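Written out below as structure tokens is the structure these notes cover.
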Amino acid sequence: MENHPECTPLSESTQLPGSAREPEVVPPGDSEGGARPLDTVPKKLCGYLSKFGGKGPIKGWKCRWFFYDERKCHLYYSRTAQDANPLDSIDLSNAVFDCKASAEDEGTFEVKTPNRVITLKAANKHVMLYWLQQLQMKRWEFHNSPPALPAAGLSGNGPTLHLKLEQEEEELEEFLCPVKTPTGLVGAAAALQPVPARPSALQNISLKHLGTEIQNTMHNIRGNKQAQATGHGPLVEESPQGVEPQGGEQPLISDPSTPGKEPEDPPRPAPRTSLPSSPMQKPKRQSNTFPFFSDGLARSRTAQERVVALEQQVLMLTEELKSQKELVVILHKALEAAQQEKRASSAYLAAAEDKDRLELVRHKVRQIAELNQRVGNLEQDRERLVHEAGLLEQQVQALQQHVQLLMDKNQAKQQVICKLSQKLTEDLEQPDQPASAANGDFLSQQEKMEHLKDDMEAYRTQNRFLNSEIHQVTKIWRKVAEKEKALLTKCAYLQARNCQVESKYLAGLRRLQEAAGAEAGDLPELLRQLVQEALQWEAGEAADSVELSPISEYDDYGFLTVPDYEVEDLKLLAKIQALEVRSHHLLALEAVERPLRERWAALTDLVPSAELKQLLRGGVPREHRPRVWRWLVHRRVQHLRSPGCYQELLARGRACEHPAARQIELDLNRTFPTNKHFTCPTSSFPDRLRRVLLAFSWQNPAIGYCQGLNRLAAIALLVLEDEESAFWCLVAIVETILPAEYYSKTLTASQVDQRVLQDLLSEKLPRLTAHLGQHHIDLSLITFNWFLVVFADSLISDILLRVWDAFLYEGTKVVFRYALAVFKYNEEEILRLQDSLEIYQYLRFFTKTICDSRKLMSIAFNDMNPFPMKQLRQLRAAHRERLEAELRKLELLKAEYLERRASRGRAAPESCLSEDEGEGDG
């Protein structure tokens with residue numbers, strides 16, 4: 001903002017109540033040395049405005065001195081410019097402004113804050129627009145100012161801030177031209193003017209802030225007396241604060257070190273006085289809100305100007321005296337009431353005996369009863385008078401209506417007479433006479449048009465200002481939204497770091513617990529208590545804080561976030577896993593997940609491409625996953641699918657029971673015991689899963705039903721929710737994606753994939769393969785189920801569904817990639833284990849400890865390269881040939897065994913017969 005030459009003293013002296021004003025750091029270019037136009041903005045915004053407020057009979061417009069504080073973006077106001085303490089303030093940081101366009105509300109505008117609406121009125125429309133524009137700029141300056149820094153740190157931000165303010169001024173000029181500074185109505189010149197008079201001096205006093213009013217009055221009286229004692233009389237121009245600082249104090253406005261504020265003349269030394277300065281007077285003198293003049297300006301005044309100033313001072317003091325007299329009357333009444341109460345209390349305390357005191361109390365009770373009776377009588381009289389007044393009002397209204405009716409009739413008769421007279425006159429007079437009447441009508445119409453033009457201009461001005469206000473508020477809102485986004489990102493990062501610290505703490509507790517083992521002493525008990533407290537943290541935190549991504553009991557698909565294991569060690573691992581998942585989710589939320597969601601939202605048509613492949617590997621957002629899966633399944637089964645096929649299969653199942661129906665019923669209750677959709681008695685998912693599995697058993701009689709299909713169908717149901725879509729998803733996986741005989745009775749293809757995995761593990765992870773071979777670990781015991789149900793029981797739901805996203809598009813190669821990535825992810829942990837039993841125990845649950853889906857995906861699709869499909873086909877063909885040879889050999893051995901058994905007859909010796917067999921039929 002720019003400085004006005006007349007208002008320079010104001011910027012040096014205006015301050016918050018109760019605190020000394022420090023020299024302000026002014027941005028470069030704001031000093032007086034720079035070239036400034038004469039009609040630019042004063043550094044400090046201040047002046048007299050009328051404020052609408054009060055209650056009851058004193059409700060109305062009150063004249064107040066307003067001044068703006070840049071540090072807090074508050075608009076303070078007091079009764080006069082000399083008051084030491086402001087009455088109240090208005091927070092402009094979250095305020096919006098509005099102006100009135102009607103003629104009766106000229107100069108009226110509103111400041112709307114979240115808590116209240118303040119109605120203000122300027123002397124005229126010009127002053128109102130000036131205040132509104134400056135308040136807009138001050139608000140913008142506050143929102144764009146950097147945080148409070150030392151003077152050295154601010155020097156670099158000055159040009160940038162000044163450039164931003166100039167840009168905002170140019171943008172606002174597009175809506176409403178800048179208003180010139182009103183002469184004598186704002187800044188220092190406004191303080192020299194007398195306080196605008198009010199019909200009643202009491203009406204201008206704020207009874208809401210009576211204590212502040214009394215303090216300001218006493219301060220002004222004391223300041224005037226001290227000024228007279230020093231030989232200056234009541235002329236406030238001689239001192240910027242009404243009284244020179246005593247005891248060598250320097251006035252706050254004469255600080256020559258303030259950048260950009262150079263006084264015209266050196267400050268005059270303060271005259272010494274013999275009056276003592278009390279400790280209470282000193283801060284009040286320093287807390288004055290506004291000075292009248294600088295010393296140099298006072299010395300340059302002519303005698304005539306001094307006389308005018310004295311007359312103005314007399315008027316001001318006369319008005320002040322009236323208001324003080326009324327205030328004294330109020331205080332006298334309050335004092336009389338207090339003295340009466342004191343006398344009654346003294347009489348009560350002076351009574352010698354309880355009997356006398358009781359008599360005094362009874363006397364007071366009788367007085368209270370009499371007063372209550374008088375109040376009741378007065379209330380009845382008031383109600384009677386109100387009723388009579390209402391009746392009289394009705395009578396008056398009836399008479400007014402009657403009079404109005406008579407006046408209307410009279411006016412109608414007069415109009416008829418006038419028309420007839422005018423017609424007669426027109427007939428008698430010459431033809432050029434009607435032109436004068438027409439001319440009069442034209443002038444009246446022209447006057448109306450001028451009024452309408454004024455109204456249009458007022459509304460146009462109001463519209464321009466409101467457009468500028470909307471423009472600036474929108475920019476402020478966007479800036480605040482950006483700050484909020486940055487703070488949320490920072491909060492997410494801090495919460496993620498906190499989750500990591502918690503998980504490390506829990507992992508440390510677990511290792512200490514394992515190291516302590518069964519040792520005697522207090523250490524195992526202490527560790528047990530710490531573990532119990534750690535497991536109960538989440539419940540306590542949820543009640544005290546609002547978190548960005550709290551650990552809920554269930555995830556989006558109904559799986560338990562922290563499984564309720566019976567073994568305490570597994571509970572601790574589940575809590576560690578939940579914290580890790582939350583940490584990775586928070587860290588990836590802004591950097592990865594949000595851009596990924598935007599890319600998926602922009603992808604309307606799904607077409608096979610390299611971009612789609614990369615997006616599917618990264619994972620499909622939950623809101624897009626059903627649509628994407630339906631498209632992927634349709635690509636796989638469009639040659640098998642026919643309308644009404646699913647309903648026909650269900651009808652067959654209702655007509656005839658399938659042999660696999662019993663096994664399906666047994667497996668329904670064992671499907672995902674940690675998912676609420678399959679464990680809740682009222683859930684419809686088990687029934688829908690039963691129908692899907694029965695329909696598939698009729699669709700593929702060669703397989704019918706195999707354990708593991710229930711989990712595949714359950715995952716499809718959780719994502720797609722539609723029975724028929726889940727059925728075709730199961731068909732696509734079993735009949736088109738996985739090799740044939742994957743779910744046959746011999747599980748031939750599944751066994752082949754286990755051998756292929758072993759070869760790939762030897763190639764990609766030789767250290768791990770050697771370590772497992774050294775301890776004779778058979779990985780097929782762990783990995784067989786991974787391939788059979790595509791990790792449905794092994795990985796947490798977030799990672800599992802990302803695996804399925806790529807699996808449905810690319811096929812079984814994805815399963816091999818992720819199987820190798822799981823071992824690579826935990827390779828170092830497995831290599832540290834040196835006991836086969838510990839290795840088996842770790843492999844039993846180690847997939848549940850994987851929490852970083854991004855890291856696992858990077859290992860699967862980057863670290864495991866190259867991974868050609870040709871190699872996979874060759875390995876499958878070689879191992880299938882070996883496996884079939886082994887199976888044929890087993891069949892031969894089985895046939896030979898059965899033949900030998902049949903030839904021997906396997907007759908049992910008589911000594912081995914039971915008593916019943918030996919007795920025969922007898």
Side-chain angles (χ1 to χ4, degrees), residues 553-561 563-566 625-626 629-630 633 637 645-735 737-738 742-745 747 750 784-797 800-801 803-804 807-808 847-848:
E553 187 178 1
Y554 295 96
D555 64 8
D556 293 337
Y557 292 96
F559 289 96
L560 271 174
T561 309
D564 188 15
Y565 296 116
E566 295 181 0
R625 185 167 278 136
W629 279 27
R630 287 190 181 93
V633 169
V637 298
C645 177
Y646 179 68
Q647 299 300 329
E648 292 176 6
L649 295 172
L650 290 181
R652 289 179 62 184
R654 287 191 293 269
C656 178
E657 184 179 357
H658 196 278
R662 183 180 178 187
Q663 185 61 43
I664 291 173
E665 202 65 36
L666 291 174
D667 284 352
L668 284 179
N669 297 326
R670 295 184 291 210
T671 304
F672 294 138
T674 61
N675 191 292
K676 64 180 180 181
H677 296 301
F678 294 99
T679 56
C680 179
T682 59
S683 176
S684 62
F685 274 81
D687 294 332
R688 292 155 67 184
L689 179 61
R690 179 189 298 108
R691 290 193 289 270
V692 169
L693 294 174
L694 286 172
F696 180 80
S697 65
W698 287 107
Q699 160 76 14
N700 192 331
I703 296 175
Y705 174 75
C706 176
Q707 287 186 347
L709 296 179
N710 59 324
R711 294 173 178 82
L712 298 178
I715 292 293
L717 264 179
L718 289 172
V719 174
L720 299 171
E721 297 182 355
D722 177 44
E723 281 184 39
E724 187 170 357
S725 299
F727 165 76
W728 288 113
C729 182
L730 181 61
V731 172
I733 293 172
V734 176
E735 298 187 9
I737 298 178
L738 295 174
Y742 220 80
Y743 297 97
S744 64
K745 293 181 180 180
L747 300 174
S750 299
F784 191 85
N785 197 52
W786 295 1
F787 284 73
L788 201 63
V789 297
V790 195
F791 295 103
D793 284 334
S794 306
L795 298 173
I796 61 175
S797 61
L800 169 67
L801 295 173
V803 173
W804 276 53
F807 166 71
L808 291 175
T847 54
K848 293 290 187 180

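Keep in mind the model is a prediction, meaning the values are calculated, not measured. The chain is numbered in sequence order, starting from 1.
Side-chain contact check for I796 versus T847: every heavy-atom pair is 4.5 Å or farther apart. Side-chain atoms of L693 and D667, non-hydrogen and from C-beta on, never get closer than 4.5 Å to each other. L650 is not listed as a side-chain neighbour of L694, based on a closest heavy-atom distance of 4.5 Å or more. With contacts defined as side-chain heavy-atom distances shorter than 4.5 Å, the pair L668/N710 does not qualify.
Distance check: S684 OG to E721 CD gives 9.5 Å after rounding to the nearest 0.5 Å. Atoms CG and OG, on N700 and S697 in that order, are 9.5 Å from each other to the nearest 0.5 Å. Here N785 contributes atom CG and R711 contributes atom CZ; the two are 6.0 Å apart, rounded to the nearest 0.5 Å. Interatomic distance, CZ of R688 versus CG of D722, reported as 8.0 Å (0.5 Å rounding). With rounding to the nearest 0.5 angstrom, the OH atom of Y742 is 5.5 Å from the CZ atom of F787. Here the straight-line distance linking atom CD of Q707 with atom CG of L747 works out to 10.5 Å at 0.5 Å rounding.
Taking each heavy atom of T679 and P673 in turn, the nearest pair found is CG2-O, 3.3 Å. Heavy-atom minimum distance, L720 versus S725: CD1-O, 3.5 Å. Of all non-hydrogen atoms in C645 and Q699, the two that sit nearest each other are SG-OE1, 4.2 Å. The two residues A716 and W629 have their closest heavy-atom pair at CA-CZ3, 4.5 Å. Taking every heavy atom of both residues into account, I715 and A792 meet most closely at CG1-CB, 4.3 Å. The minimum heavy-atom distance linking A732 with V633 is given by the pair CB-CG1, 4.3 Å.
The stretch residues 671-694 participates, sequence neighbours left out, in these ring-ring contact (aromatic ring centres under 6.0 Å, His included) pairs: F559-F672, H677-F685, F678-F685. Within the structure, the salt bridge (Lys or Arg N to Asp or Glu O under 4.0 Å) test picks out no pair touching residues 696-708 (sequence neighbours left out). The ring-ring contact (aromatic ring centres under 6.0 Å, His included) analysis of residues 687-726, with sequence neighbours excluded, yields the pairs H658-W698. Listed by first then second residue, pairs satisfying salt bridge (Lys or Arg N to Asp or Glu O under 4.0 Å) with a partner in residues 652-666 read E665-R690, not counting sequence neighbours.
Checked by atom type and distance alone, the side chain of Y743 never pairs as donor or acceptor with a backbone atom of S750 at under 3.5 Å.
Applying the side chain to side chain donor-acceptor pair (under 3.5 Å) test to N675 and every residue at least two apart in sequence or in another chain returns nothing. For E723, the salt bridge (Lys or Arg N to Asp or Glu O under 4.0 Å) partners two or more places apart in sequence, or in a different chain, are R691.
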